[in-house]
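Letters A, B, ... mirror the listed sequences (proteins, then strands); counts begin at 1. No experiment lies behind these values; they were computed from the predicted model shown.
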Amino acid sequence: MTGQTWKSPAVIGTGTMGRGIMDMLITAGYQVKAFDNCKKNRISAREWLEERWWKLAEKGKKTLFEVESMQERLMLVDSLQGLSDCDFIIEAVPEDLLLKRNIFHQLDSLTSAETVLATNTSSLSVTSISSKCKHPERVIGLHFFNPVWRLPLVEVVESAHTPLELVQQAMSWLQTMGKEPIHVLDTPGFIVNRVARPFHLEAYRIVGEGLADKNQVDRILRSAGFPMGPFELQDLIGIDINYSASHSVYEGFHYDPRFRPHPEQRALVESGKLGRKSGKGHYIYE
Amino acid sequence: MNEFVLLVGKGKLVEEIDSYLNQQGVKTKTLDQVFPANEVIAVFDLETGLNQEKRQLLQQVETRVTQQTPIFTSVLHRTATEIASWLFYPERLVGFSPLLLPKMTSVEICFPIQSLRPNHKLLSIWKQLGKDVEIVGDQPGLVFARTLALLVNEASFALSEGVAKATDIDLAMQKGLNHPQGPLQWADQVGVHHLYAVLEGLQREYGEDRYRPAPLLRKMMYAQFIGVESEQGFYSYGAQEMRQDPHCFADRPERRSKMLSDA
């Protein structure tokens, strides 16, 4: 794979992250094949992306001609087989280890051993996802951040099998698309999700012990320079999402007390207070 | 009137707060100067308290000010309650967090349990300085310093495990979560020793392993790698306080597939 740049990338899974990744690749000029096992999802992803691009055209950030050719560069396919001739496949399906492992197992036999298989995951082990592959050395993790077009960071994850050359090539390739990749080892939560844990968990403890209220914690941390306090941030990303990230890092470190989730997280999730999306979370939204 | 704030402690933090107070039109004096007790409007004790010096200094302070003079003491390492127990007149002691004081619009303060009915009149200096007062509970580090200390601790564990190199850890937290600075740079700016003090204080007060300082931080304390102040923290610094070298002494390139280049 030395000196190779990839020419025909593909995306599996057309949810929020998949769409962001498709947008990045198409904007960079690639012809992109995309697959999702739900036909409705595929079609709505195309509509959603086209709407986004036309809005950019209205603002004068894209020409009509550019948008038309971007539309042409997106090719939806209706089976995994349709991706067999691609050379860099990025999987972005929901965070379900069995689902991902199964897709990689299938891709392993559908594609040539030269094709790079990347998984977009924030909390699963890349080594574990590639464990059923005959060629796990072509598997790499790419943790993108949402929204992909606004957050340039990508955690490029080296699994137990990934050679350094592949990590470096993937990093240079992402840089050509305006990304700021960092190289991380395949450990629970990588860097961002792991180092951010105390920001959330300690806030629950401080409030739980009655040392401060949620509003105060948010105000104080904003005053110190954080863009948002932990509680308003959780309401934005979803308390359930944050709880499951807490839990997966906790589990990944074999229940190290540093990562222990707080009982209130579960209580909020179970009572349906998930944040902005449910109208109620740490705060109430009209 | 010749009113002034009595500043106790030493180091970069004291210099920063001294010049901040002077900019706000508040005069400052130190213990080695001569002054009448009734001219002290407040005491700012910025000693972190990792050793016994803080206690001795505060006992000295009590002989130089009136019984009512408010004493604001750094609670980065000890609770206000513990510190108040050293004083003859504990009711006038108030804990506060001095980190980023010049920059933050608010100030975090806490009362010791000895002041059964917190006396809000003690807080008038903060009004004069235009700070919003956030009264929080009495535990080491209060809210911000506690949060930052734990972020830095986790970043230190990840760094010493070789999960990523220092500059990548900092970049990740800035670019991925829009933090104003990466945790390691931030620690170098505010002083690694202050954050270490918070962790050790929390570990002692709660007796919980989650606050255990990373072994790397302990070593940095032995070596006095406390940040910009000593020109060596996670990074090395030159005369102009600029970050000179993206290399961190604790990077472990061999862990990441012998990644030697700075790609």
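Using a 3.5 Å distance cut-off with no hydrogens or angles, the side chains of Thr16(A) and Asn146(A) do not pair a donor with an acceptor. Side-chain N/O atoms of Thr119(A) and Glu91(A) include a donor and acceptor closer than 3.5 Å. If you check the side chains of Gln114(B) and Ser85(B), you find no donor sitting under 3.5 Å from an acceptor.
Residue Phe199(A) touches chain B through both its backbone and its side chain, counting heavy-atom pairs closer than 4.5 Å. Within the 4.5 angstrom heavy-atom criterion, only side-chain atoms of Glu208(B), from C-beta onward, approach chain A. Contacts of Tyr211(B) with chain A are made by side-chain atoms alone, with heavy-atom separations under 4.5 Å and no backbone atom involved. When heavy atoms are compared at a cutoff of 4.5 Å, Leu221(A) approaches chain B solely by way of its side chain, counted from C-beta outward.
Among residues 228-250 of chain A, no residue has any heavy atom closer than 4.5 Å to a heavy atom of chain B. Residues of residues 189-197 of chain A lying under 4.5 angstrom from chain B, judged on non-hydrogen atoms, are Phe190(A), Ile191(A), Val192(A), Arg194(A), Val195(A), Ala196(A) in numerical order.
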Exercise answer: donor-acceptor pairs, residues 93-108 of chain B side-chain atoms, under 3.5 Å, sequence neighbours excluded:
{"unit_1": "Lys103(B)", "atom_1": "NZ", "unit_2": "Ala224(A)", "atom_2": "O", "d": "3.2"}
{"unit_1": "Thr105(B)", "atom_1": "OG1", "unit_2": "Ser223(A)", "atom_2": "OG", "d": "3.2"}
{"unit_1": "Ser106(B)", "atom_1": "OG", "unit_2": "Ser223(A)", "atom_2": "OG", "d": "3.3"}
{"unit_1": "Glu108(B)", "atom_1": "OE1", "unit_2": "Val143(B)", "atom_2": "N", "d": "2.6"}
{"unit_1": "Glu108(B)", "atom_1": "OE2", "unit_2": "Phe144(B)", "atom_2": "N", "d": "3.1"}

Just list the side-chain donor-acceptor pairs under 3.5 Å for residues 197-205 of chain B, sequence neighbours left out, or say none.
{"unit_1": "Glu200(B)", "atom_1": "OE2", "unit_2": "Tyr196(B)", "atom_2": "OH", "d": "3.0"}
{"unit_1": "Arg204(B)", "atom_1": "NH1", "unit_2": "His77(B)", "atom_2": "NE2", "d": "3.2"}
{"unit_1": "Arg204(B)", "atom_1": "NH2", "unit_2": "His77(B)", "atom_2": "O", "d": "3.3"}

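Crowding of Lys175(B) atom NZ: a count of heavy atoms from other residues, nucleotides or ligands under 6.0 Å not exceeding 12. Counting heavy atoms of neighbouring residues, nucleotides and ligands inside a 6.0 Å radius, atom CD1 of Ile113(B) does not exceed 12 of them. At most 12 non-hydrogen atoms from other residues, nucleotides or ligands lie less than 6.0 angstrom from NE2 of His254(A). By the 6.0 Å contact criterion, CZ on Arg222(A) is enclosed, its count of non-hydrogen atoms from other residues, nucleotides or ligands being greater than 12.
You'll find the side chain of Ile220(A) stays beyond 4.5 Å of the side chain of Thr147(B), heavy atoms only. Between Leu166(A) and Glu158(A) there is no side-chain heavy-atom pair separated by less than 4.5 Å.
Here Leu151(B) is the residue among Asp132(B), Leu151(B), Leu142(B) with the most heavy-atom pairs under 4.5 Å with chain A. The choice from Pro152(A), Pro198(A), Pro181(A) that makes the most heavy-atom pairs within less than 4.5 Å of chain B is Pro198(A). When Ala203(A), Gly225(A), Ser172(A), Gly210(A) are compared by the number of non-hydrogen pairs under 4.5 Å with chain B, Gly225(A) comes out ahead. Heavy-atom pairs under 4.5 Å with chain B were tallied for Val154(A), Leu153(A), Asp256(A); the largest tally goes to Leu153(A).
Ring pair Trp186(B)/Phe226(A) is tilted by interplanar angle, where 30° to 60° counts as tilted.
In this structure, CD1 in Ile140(A) is found 9.0 Å from CE in Met171(A), a value given to the nearest 0.5 Å.
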